[in-house]
A.B. asks: 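Handing you this structure, nothing more for now.
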Amino acid sequence: MVKLAPSILAADPLNLEREIRRMEQEGCDWIHVDVMDGHFVPNLAYGPDVVRHLKRVTKLPLDVHLMMEYPETLLDTFLEAGADILTIHAEISGDRPGLIRRIHEYGAKAGVALKPETGLEAVQDLLQDVDLVLCMTVEPGFGGQELHPEVMEKIRQLRSSGWPGLIEADGGIREDNLKDLVDSGLDVAVMGTALFHNTEGETAVRRMHSIGAGR
Ligand code: DX5
Ligand code: ZN
């Protein structure tokens, strides 16, 4: 069954606790926290304190996506704040294997994210160490964009490679493109707009969970 990870980027920032509790009640699986440094991506979003506060109001795993050029500057702080899954980007210049080791030393799951135009060859050396690969289905930085369909081929390639980890996608995912993604091998769908701006609530979550349930 595909896991649904609502991205708080699309939540009402003035009512974050209420929104998170709603996602949990509607049956979502993880909470996705988009962290942006205004350098790796031309936007700023969320810091470690938000993770610390979220930890107090939900039992759902906190799936923290570091869109940061230098994640080493705050890696430990995010881990101490309670990140359960911490994902760095393949495109950074730092010590990626070292960062992944540090995340594991702390007892969290480690992920690596790929922009749409970044190929799997950029992470071949990391695959045996990471628990999750996040295939961005939009250019990182903003919610509400259209999904890049060519990324499905990357998901298919990774799934058919026999790599045993979790494949996550993020950006532009809605109910009408979720089945294609699941059929390509997706395990976790990050959805901002499609979950937080959904008027059908639990009914929609149940319908989306049933997509590829037998897979
Ligand atoms: C891009 C962001 C968005 C967000 C999801 O950097 O990471 O992908 O999580 O946005 P929606 O689901 O609204 O496209
Ligand atoms: Zn994200």
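In this text the structure is predicted, and so the values were computed from the model without any measurement. Because only heavy atoms are used, hydrogens play no part in the values below, and waters and symmetry mates are left out as well, while side chains stay in. Atoms within a ligand are numbered from 1 in the order they appear, just like the ligands themselves.
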A.B. asks: For ligand 1, which atoms sit closer than 4.0 Å to a heavy atom of Met67?
C.D. replies: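 Answer for ligand 1: 6 (O).
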
A.B. asks: Examine distances only and state if a side-chain atom of Lys55 and a backbone atom of Gly82 form a donor-acceptor pair shorter than 3.5 Å.
C.D. replies: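 Yes.
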
A.B. asks: Can you sort out which atoms of ligand 1 are near Met191, meaning under 4.0 Å from one of its heavy atoms?
C.D. replies: 12 (O)

A.B. asks: Of all the N, O or S atoms in Asp170, which one sits nearest to the Zn ion (ligand 2)?
C.D. replies: OD2

A.B. asks: Under 3.5 Å between any N/O of Asp170 and any N/O of ligand 1: does that happen in this structure?
C.D. replies: yes

A.B. asks: Please enumerate all residues that pass ring-ring contact (aromatic ring centres under 6.0 Å, His included) together with His65, with sequence neighbours excluded.
C.D. replies: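 Result, ring-ring contact (aromatic ring centres under 6.0 Å, His included) vs His65: His32, His89.
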
A.B. asks: For His65 and ligand 1, does the shortest N/O to N/O distance drop below 3.5 Å?
C.D. replies: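 No; every N/O pair is 3.5 Å or more apart.
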
A.B. asks: Identify the closest protein heavy atom to atom 2 (C) of ligand 1: which residue and atom is it, and at what distance?
C.D. replies: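 Checking every protein heavy atom, the shortest distance to atom 2 (C) of ligand 1 gives Asp34 OD2, 3.6 Å.
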
A.B. asks: How far is atom 10 (O) of ligand 1 from the closest protein heavy atom, and which atom is that?
C.D. replies: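 Checking every protein heavy atom, the shortest distance to atom 10 (O) of ligand 1 gives Gly143 CA, 3.5 Å.
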
A.B. asks: Any chance you could lay out the side chain to side chain donor-acceptor pair (under 3.5 Å) test for Arg101 and His104, step after step, and finish with the verdict?
C.D. replies: CA-CA 5 Å; Arg101 241 189 334 272; His104 283 147; over 6 Å; no

A.B. asks: Note the single closest protein heavy atom to atom 6 (O) of ligand 1, along with its residue, its atom name and the distance in Å.
C.D. replies: Gly141 N, 2.7 Å

A.B. asks: Of the backbone atoms (N, CA, C, O) and the side-chain heavy atoms from C-beta on, which set of Ala10 has a member under 4.0 Å from an atom of ligand 1: side chain, backbone, both, or neither?
C.D. replies: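 Answer for Ala10: neither.
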
A.B. asks: Under 4.0 Å from a heavy atom of Met36: which atoms of ligand 1 are those, numbered in the order shown and with their elements?
C.D. replies: 6 (O)

A.B. asks: Indicate the atoms forming the closest heavy-atom contact of Val41 with Pro140, along with that distance.
C.D. replies: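 Looks like CG1-O, 3.5 Å.
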
A.B. asks: What part of Thr193 sits under 4.0 Å from ligand 1 if we count only heavy atoms: the side chain, the backbone, both or neither?
C.D. replies: both

A.B. asks: When you group the ILVMFWY residues by side-chain heavy-atom contacts below 4.5 Å and let the links chain together, are Phe78 and Ile92 in the same group?
C.D. replies: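 They do share one cluster, since a chain of ILVMFWY contacts under 4.5 Å joins Ile92 to Phe78.
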
A.B. asks: State whether the shortest distance between N or O atoms of Val138 and N or O atoms of ligand 1 falls below 3.5 angstrom.
C.D. replies: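 Such a contact does not occur with ligand 1.
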
A.B. asks: I want to check something: taking the side chain as every heavy atom from C-beta on, are Val50 and Ile8 in contact at a cut-off of under 4.5 Å?
C.D. replies: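 They are in side-chain contact.
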
A.B. asks: Are any of the N/O atoms on Gly192, whether in the backbone or the side chain, positioned under 3.5 angstrom from an N/O atom of ligand 1?
C.D. replies: yes

A.B. asks: Just to confirm my output: which protein heavy-atom neighbour is closest to atom 14 (O) of ligand 1, and how far is it?
C.D. replies: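 Atom 14 (O) of ligand 1 sits closest to the protein heavy atom Gly172 N, 2.8 Å.
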
A.B. asks: Among the N, O or S atoms of His65, which one sits nearest to the Zn ion (ligand 2)?
C.D. replies: ND1

A.B. asks: Taking C-beta and beyond as the side chain, do Leu66 and Met36 meet within less than 4.5 Å on heavy atoms?
C.D. replies: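 No; the side chains remain at least 4.5 Å from each other.
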
A.B. asks: Closest N/O/S atom of Asp34 to the Zn ion (ligand 2), by atom name?
C.D. replies: OD1

A.B. asks: May I ask you to list the atoms of ligand 1 that are less than 4.0 angstrom from any heavy atom of Gly171?
C.D. replies: 8 (O), 14 (O)

